Number of protein chains: 2
Amino acid sequence: MSQRKHAVAETCPVARSVDLVGDRWSLLIVRDAFDGTRRFGDFQRGLGVARSILAERLRRLVEEGILAVQPASDGTSYQEYVLTPRGEQLFAVVVALRQWGEQQLFQPGEARSQLLERATGQELAPMQPRGADGQVLGAWQAVVRKPTAP
Amino acid sequence: MSQRKHAVAETCPVARSVDLVGDRWSLLIVRDAFDGTRRFGDFQRGLGVARSILAERLRRLVEEGILAVQPASDGTSYQEYVLTPRGEQLFAVVVALRQWGEQQLFQPGEARSQLLERATGQELAPMQPRGADGQVLGAWQAVVRKPTAP
DNA sequence: CAGTATCCCTCAAGATACTG
DNA sequence: CAGTATCTTGAGGGATACTG
């Protein structure tokens with residue numbers, strides 16, 4: 001997905017975005033990153049994606065400046081993947097997808113992942129996206145509103 | 001994309017959304033639909049997608065309740081593809097992708113498609129999404145804000 | 001013009017085994 | 001544990017010809 005470019009991507013920002021994160025896994029990786037996931041194995045288990053695919057996706061997300069690599073916060077010599085500012089800006093996209101999925105693709109009583117439980121109507125329960133330092137970035141809210149006046 | 005399901009899609013609304021519209025073309029078709037495109041040939045020329053692919057995507061988007069088929073508004077006996085309410089709710093997703101693309105993937109002076117010219121900073125110029133009847137749906141605005149208080 | 005029917009081909013995705 | 005290396009598969013995608 002992210003390799004072969006749309007012709008329209010020259011001028012259309014939506015197409016250009018889709019070229020970068022419009023594949024099966026990238027946005028789910030980003031979603032988990034917002035959720036605090038940082039390590040290879042946690043992404044892998046959380047998503048159920050093949051290791052080779054995950055490795056390639058992570059590499060590309062780093063290339064694109066969406067994730068960055070850090071030394072592990074615990075003692076180990078491994079790496080951690082954290083959102084860059086550019087990656088953090090994808091929060092709006094993830095929230096919009098989540099909101100749409102919640103409203104349109106779930107039955108009222110149907111089970112959904114915990115983080116979404118508090119969502120009600122158009123107003124969305126704030127997530128707690130975390131920055132590279134592990135700090136909560138702030139209580140973002142994504143609001144899509146339709147003003148009264150047409 | 002839309003056929004093979006993520007395992008996580010059982011409970012994660014983001015994954016479920018990605019399963020439906022997370023392929024290379026669906027969101028671009030929806031984007032064009034917001035723009036007023038309704039006819040097969042116009043989608044085809046606008047996107048540069050293969051006819052067979054476009055036909056399949058349109059069919060699936062109709063199946064999923066994102067687009068609906070209408071008799072052509074001019075005299076002809078052909079069909080038109082218009083957004084359903086469910087499809088219209090995808091506006092937030094398209095806007096978020098557009099906003100991210102604009103801010104992160106374009107150089108300051110770089111050319112981008114006309115509809116986006118007025119976008120400034122976090123505040124986004126309203127698009128004019130049109131409903132099935134051709135009426136402008138209203139001056140939607142998508143705002144992503146970061147409140148002052150963490 | 002609006003699709004459908006074929007054919008072909010690439011590459012994303014998965015499984016598995018291997019290494020530091 | 002955190003990846004890399006390899007192999008295989010199949011579906012997504014493109015081109016083109018055909019039809020009402």
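Keep in mind the model is a prediction, meaning the values are calculated, not measured.
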Length of the line joining [X]:[atom1] and [N]:[atom2], which is rounded to integer Å:
X: A/Glu56; N: C/dA13; atom1: CD; atom2: P; result: 8 Å
X: A/Arg38; N: D/dA2; atom1: CZ; atom2: C1'; result: 17 Å
X: B/Gln44; N: D/dT16; atom1: CD; atom2: P; result: 12 Å
X: B/Leu47; N: D/dA15; atom1: CG; atom2: P; result: 14 Å
X: A/Leu58; N: D/dG3; atom1: CG; atom2: P; result: 8 Å
X: B/Trp25; N: D/dA11; atom1: CH2; atom2: C1'; result: 17 Å
X: A/Asp19; N: D/dG13; atom1: CG; atom2: P; result: 12 Å
X: A/Tyr81; N: D/dC1; atom1: OH; atom2: P; result: 15 Å

Quiz item: Charged N to carboxylate O under 4.0 angstrom, B/Asp23 versus A/Arg24?
Solution: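 Between A/Arg24 and B/Asp23 there is no salt bridge, as every charged N stays at least 4.0 Å from the carboxylate O atoms.
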For the side chain of [X], counting heavy atoms from C-beta on, which of [options] is nearest?
X: B/Asp23; options: D/dG13, D/dT6, C/dC1; answer: D/dG13
X: B/Arg24; options: C/dA5, D/dG13, C/dA15; answer: D/dG13
X: A/Ile53; options: C/dA13, C/dC1, D/dA15; answer: C/dA13
X: B/Arg51; options: C/dT6, C/dA2, D/dG13; answer: C/dA2
X: B/Phe40; options: C/dG3, C/dG14, D/dG13; answer: C/dG3
X: B/Arg57; options: C/dC1, D/dG12, C/dT6; answer: D/dG12

Closest non-hydrogen atom pair, [X] against [Y]:
X: A/Glu64; Y: A/Arg86; result: O-NH1, 3.0 Å
X: B/Gln44; Y: B/Val49; result: NE2-O, 2.8 Å
X: A/Arg98; Y: B/Pro13; result: O-CB, 3.7 Å

Quiz item: Cation-pi between B/Arg39 and B/Tyr81: NZ/CZ under 6.0 Å from ring centre and within 45° of the ring axis?
Solution: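 The answer is no; the distance or angle limit is not met.
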Quiz prompt | Side-chain touch B/Leu105/B/Trp100, heavy atoms, less than 4.5 angstrom | solution = yes
Quiz item: Given B/Gln104 and A/Ser17, is the side-chain contact (heavy atoms from CB on, under 4.5 Å) satisfied, shown in steps?
Solution: CA-CA 9 Å; B/Gln104 302 292 332; A/Ser17 299; over 6 Å; no
Is the distance from OP1 or OP2 of [N] to the nearest side-chain N or O of [X] less than 4.0 Å?
X: A/Arg59; N: D/dT4; value: yes
X: B/Gln79; N: C/dG3; value: yes
X: B/Arg39; N: C/dA2; value: yes

Exercise. Return yes if the base of C/dA13 and the side-chain atoms of A/Ser52 contain a donor-acceptor N/O pair under 3.5 Å, otherwise no.
Key: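 Side chain to base: no pair below 3.5 Å.
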Exercise. Find the partner of C/dG20: check Watson-Crick (N1-N3 plus N6-O4 or O6-N4) and G-U wobble (N1-O2, O6-N3) distances, both under 3.5 Å, and reply none if neither fits.
Key: D/dC1
Quiz prompt | Residue whose closest nucleotide on DNA chain D lies nearer the 5' end, B/Val49 versus A/Gly41 | solution = A/Gly41
Name the pairs: protein N/O against N/O of nucleotides 18-20 of chain C, kept only if under 3.5 Å.
from	atom 1	to	atom 2	distance (Å)
C/dG20	N2	A/Tyr78	OH	2.9

Practice problem: Please round to the nearest 0.5 Å and tell me the distance separating atom CG of A/Leu47 and atom CZ of A/Arg57. | Solution: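 Rounded to the nearest 0.5 Å, the CG-CZ separation comes to 12.0 Å.
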